[in-house]
Amino acid sequence: MSNPALATAICGLALTMMIGWGSTYYVPAVLAPALRSDLGLSEQAVFSGVTVMLLVAAAVAPFAGRVMERIGARGPLVVGSRMMALALVGLSFAQGLWSYLLVWVLIGAATPLALSQAAVSAIAERAGSNARRAVSTLLLLSGFSSTIFWPLTTWLAEHFGWRGTCLAFAGLHLLVCT
């Protein structure tokens, strides 16, 4: 990239997307045994959280898109990251199926604001005629989320338990993504 400000924005947003996807979408895959055991959930119930996330995100996305078109992507990115942090704190306090699924509703509502939709909008706003290349770079870099977050989640869970892992991820959203 010949534009240092755009390159910095791409790297920063790629980092926030890695954190966002890694701390939500991939969490059940890594923490499923602990979630099943501690919350008394079936394997299907554990993974239904991601389904709820995606369904709610699909429902919220058109509204989020209109908001970003009107005011830009920066504010929604911050709000979405704060919502993700709140949801992850909530997940750390989940006690059963209903509280678990309720948290995934909040994660789903935050998804269009904190993840790809808002990040791509923010890059497109900055990149102008170079948007296609800039967005491709952003998505390529953010694709490393599973490579980083699967082992990180495993390590955190081994040392701090699944609830502590969720709190650590909430902290990442607040400290890095907002």
Side-chain angles (χ1 to χ4, degrees), residues 1-31 50 53-54 56-58 60-92 103-104 106-157 160 164-178:
M1 291 270 135
S2 60
N3 180 340
L6 181 58
T8 300
I10 290 170
C11 290
L13 287 169
L15 177 61
T16 66
M17 284 178 50
M18 284 185 236
I19 292 168
W21 287 110
S23 66
T24 58
Y25 186 80
Y26 298 119
V27 162
V30 179
L31 299 180
V50 173
M53 169 192 169
L54 295 174
V56 172
V60 172
F63 170 75
R66 286 190 298 274
V67 168
M68 285 182 266
E69 188 174 32
R70 204 169 45 250
I71 67 168
R74 184 181 180 138
L77 277 162
V78 171
V79 169
S81 293
R82 289 178 181 165
M83 289 171 64
M84 287 288 193
L86 178 64
L88 288 163
V89 170
L91 183 56
S92 77
V103 165
W104 285 98
L106 182 57
I107 292 171
T111 294
L113 301 173
L115 298 179
S116 301
Q117 182 178 350
V120 166
S121 294
I123 289 302
E125 288 171 5
R126 291 176 180 254
S129 63
N130 294 322
R132 182 175 289 160
R133 182 175 172 196
V135 168
S136 296
T137 303
L138 170 69
L139 296 176
L140 176 68
L141 292 173
S142 67
F144 289 104
S145 181
S146 61
T147 304
I148 295 166
F149 272 81
W150 279 46
L152 177 61
T153 303
T154 301
W155 184 86
L156 286 169
F160 304 103
T165 300
C166 291
L167 292 173
F169 288 161
L172 276 177
H173 277 277
L174 292 175
L175 295 173
V176 176
C177 301
T178 58

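We count residues from 1, following the sequence as given.
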Do Gln117 side-chain atoms and Ala61 backbone N/O form a donor-acceptor pair below 3.5 Å?
yes

Rounded to the nearest 0.5 Å, what separates atom CG in Leu172 from atom CD1 in Ile19?
5.0 Å

Rounded to the nearest 0.5 Å, how far apart are OH of Tyr26 and CG of Leu152?
14.0 Å

So CD1 of Ile107 and CG of Leu91: to nearest 0.5 Å the spacing works out to 6.0 Å

Closest non-hydrogen atom pair between Thr153 and Gly22, with its separation
OG1-O, 4.3 Å

Between Ser142 and Trp21, is a side-chain contact (heavy atoms from CB on, under 4.5 Å) present by the stated rule, with each step listed?
CA-CA 9 Å; Ser142 67; Trp21 287 110; 5.6 Å; no

Derivation and outcome, side-chain contact (heavy atoms from CB on, under 4.5 Å), residues Val120 and Leu139
CA-CA 8 Å; Val120 166; Leu139 296 176; 4.2 Å; yes

For Thr178 and Ser81, indicate whether the former's side chain and the latter's backbone hold a donor-acceptor pair under 3.5 Å.
no

Evaluate the side-chain proximity of Val56 to Thr111: yes if any heavy-atom separation is below 4.5 Å, no if none is.
no

Tell me, do Leu77 and Ser121 make a side-chain contact under 4.5 Å, heavy atoms counted?
no

Taking the side chain as C-beta and beyond, is there a heavy-atom pair between Ser145 and Met17 under 4.5 Å?
no

How long is the gap from CG on Leu6 to CD1 on Ile123, to the nearest 0.5 Å?
5.5 Å

Taking the side chain as every heavy atom from C-beta outward, state whether Val89 and Leu167 have any pair of such atoms under 4.5 Å apart.
yes

Where do Leu88 and Ser23 come nearest, in terms of heavy atoms and distance?
CD2-O, 3.4 Å

Pro112 and Ala64: which non-hydrogen atoms are nearest, and at how many Å?
CB-CB, 3.8 Å

Do Phe169 and Val27 have side chains that approach each other closer than 4.5 Å (heavy atoms only, starting at C-beta)?
yes

Minimal heavy-atom distance between Ala73 and Glu125, with the atoms involved, is N-OE2, 2.9 Å

If you look at every heavy atom in Ala14 and Leu138, which pair is closest and at what distance?
N-CD1, 3.4 Å

Tell me, do His173 and Thr16 make a side-chain contact under 4.5 Å, heavy atoms counted?
no

Nearest heavy atoms of Ala131 and Ala124, plus distance in Å:
CB-CA, 4.1 Å

Measure the OG1-CG distance between Thr8 and Leu13 for me, rounded to the nearest 0.5 Å.
10.5 Å

How long is the straight-line distance from CG of Leu54 back to CH2 of Trp104, given to the nearest 0.5 Å?
9.0 Å

